[in-house]
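In what follows, every chain begins at residue 1, and chains take the letters A, B, ... in the order their sequences are listed.
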Protein chains: 2
Amino acid sequence: MQADSTPADRAPTDRTPIELGDVLHDLDRTGHLPLYHQIATRLREAIADGTLPTGSRLENEVALAERIGVSRPTMRRAIQDLVDRGLLVRRRGVGTQVVGARVHRHLELSSLHEDLTRSGHATTTQVLRHELVPASPAVASQLGIAPGAPVLYIRRLRLSDGVPLAVLENHLPPGLSDITPEQLEEQGLYAILRNRGVSMRVARQTIGARAATRDEAPLLGIAAGAPVLTMTRVVFDDSGASVETGSHCYVPDLYTFEITLVER
Amino acid sequence: MQADSTPADRAPTDRTPIELGDVLHDLDRTGHLPLYHQIATRLREAIADGTLPTGSRLENEVALAERIGVSRPTMRRAIQDLVDRGLLVRRRGVGTQVVGARVHRHLELSSLHEDLTRSGHATTTQVLRHELVPASPAVASQLGIAPGAPVLYIRRLRLSDGVPLAVLENHLPPGLSDITPEQLEEQGLYAILRNRGVSMRVARQTIGARAATRDEAPLLGIAAGAPVLTMTRVVFDDSGASVETGSHCYVPDLYTFEITLVER
DNA sequence: TAGTGGTCTAGACCACAGC
DNA sequence: CTGTGGTCTAGACCACTAA
């Protein structure tokens, strides 16, 4: 009858805030990590390890700021970070409460390769195609270059623990067309780009579904016409220039997208 | 006001910042709308209508704040709002640039019904089922109630301009189980909830794909086994309590999810 | 009424990019 | 070097909630 990870057993009468002096002690004030970031990280850890249980209340932000010796805006920014992630809920006149203790990774600007290795899976990649092609009008428009300009087209099969997971198609603009198949077998595209100093900042994604083509089905080990989950993406860097455009399809039994939305 | 803001010398190059005195004039300082929100809205409009073209630069935030008579943090917060939406890109030591002028709606806490009517489609709903059922362990866990407690189960077919678009299944906790089929035919679930004073704050969504069941296929006008796009969702209110859980499937040719991610 | 978060101000110093 | 955004401070007043 008891499910201790659900909000069901949250005691509405539990009004005493959790003591956070221990969690937030000893911040690094000389290093290069912003204070608000250090505080937010500690709070996230406290929620993850149960120090701040689901439904518990935080001290008010003014007292919290005083306790650890930062200004109120700094403490506020840290708390807001967790609110944006959907871990805390704030109500004026009431206080700040923990929403959920469950593990939840925010959908972020990461690649499939990074997602998999972070979750402890052995990732392998087969480069199916790797060639310079003239940019189609659609690709040229997405990359912000002239149609017909040479772009690097790559097509990869991504496996997790030996099981086919996704077919990844990407187009890269001329400045990045010297990436080699060997690099792509070794690491994810995003790791390669980051190592080259490319700073990816904004990604626009569209998620949908369709039937697997006769070409994709044998690669993914599914029947032709079976459903696949699709994601197309255009990534922009610091200066607003397109860095990469991708069109991927995933085996739906093995991959889903998780998103947390917060009303501000 | 300023000597350097004469319209004559405004050159629309990439280097010279765009004059924003006109866009940001006459803010309402007495009303209930926060200043940063008013500023952010005007900036979004300026990008949408081309006053701030793609690639153009903004004045630096200190000057901008002075020009319209707000503090720097207030102006900064307004600009950050657009950065979070993927409309602006900022680089330390360089400046702030417009990324894209294209129309783009942020994925937000809205319902399918609201999405459709906002984009000008005629929306109709058929209530297929509407009954009190004992909560399964999975639903009970999501809603944070005891297994077996009575929950309202509804199943609807949503049509856009007369074309079947999605099958929507939802479970509602005991406090909301008096919603009637008539209400559900007339308006979206979210509109009903908002009218009842429910404040939805956090939604956790999972997007995937699967084959349509023999049950769903005729409703959606597709073949059994054809791909459908799926979304399951749990919504929480102000206090962190679950408000609703839904399991929807969409015709993939007619519906996709769009998301903008921003690296902070 | 007391306590909470929401907003706003007017400064300060720093890190980084480009000339 | 100058100019930019990134961070941080120490206050202030207000709106809302609950007792």
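Phosphate proximity of C:dT9 to B:T74: present, with a side-chain N or O under 4.0 Å from OP1 or OP2. Using a 4.0 Å cut-off, no side-chain N or O of B:R90 falls inside it from OP1 or OP2 of D:dT4. Between A:Y36 and the phosphate of D:dT7, there is a side-chain N or O to OP1/OP2 separation shorter than 4.0 Å. Put simply, A:T96 has a side-chain N or O that comes within less than 4.0 Å of OP1 or OP2 on C:dG5. Residue A:R76 places at least one side-chain N or O under 4.0 Å from the OP1 or OP2 atom of C:dG6.
Nucleic acid contact for A:R77: sugar-phosphate only, since backbone atoms but no base atoms lie under 4.0 Å from a heavy atom of the residue. When heavy atoms are screened at a 4.0 angstrom cut-off, A:V70 is found touching the sugar-phosphate backbone but no base atom.
Atoms CG (B:L33) and P (D:dA15) sit 14 Å apart, rounded to a whole Å. Per the geometry, CE belonging to A:M75 stands 17 Å off P belonging to D:dG11, to the nearest Å. Computed from coordinates, the A:Q38 CD to D:dT7 P distance equals 12 Å when rounded to whole Å. Rounded to an integer number of Å, the gap from CD of A:Q80 to P of C:dG6 is 7 Å. In this structure, A:R29 places its CZ atom 9 Å from P of D:dC8, rounding to the nearest Å. When rounded to the nearest whole Å, the span between CG of A:L64 and P of C:dT4 equals 11 Å. Atom CD of B:E61 and atom P of C:dG11 are 16 Å apart (whole Å).
Between the base of D:dG6 and the side chain of B:R91 there is no donor-acceptor pair shorter than 3.5 Å. With hydrogens and angles ignored, a donor-acceptor pair closer than 3.5 Å exists between the side chain of A:R72 and the base of C:dG6.
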Test log, rule side-chain hydrogen bond (donor to acceptor under 3.5 Å, both in side chains), inputs A:E244 and A:Y190: CA-CA 10 Å; A:E244 177 250 344; A:Y190 278 29; 3.2 Å; yes

Evaluation steps, side-chain hydrogen bond (donor to acceptor under 3.5 Å, both in side chains), between A:R57 and A:Q97: CA-CA 5 Å; A:R57 265 193 66 208; A:Q97 257 185 323; over 6 Å; no

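We find that A:D81 and A:R85 are joined by a salt bridge, their nearest charged nitrogen and carboxylate oxygen being less than 4.0 Å apart.
Side-chain proximity of A:R92 to the nucleotides C:dG6, C:dT9, C:dA15 is greatest for C:dG6.
A 4.5 Å side-chain heavy-atom check between B:V83 and B:L87 finds every atom pair outside the cut-off.
Atom CG of residue B:D238 and atom OG of residue B:S199 lie 3.0 Å apart, to the nearest 0.5 angstrom.
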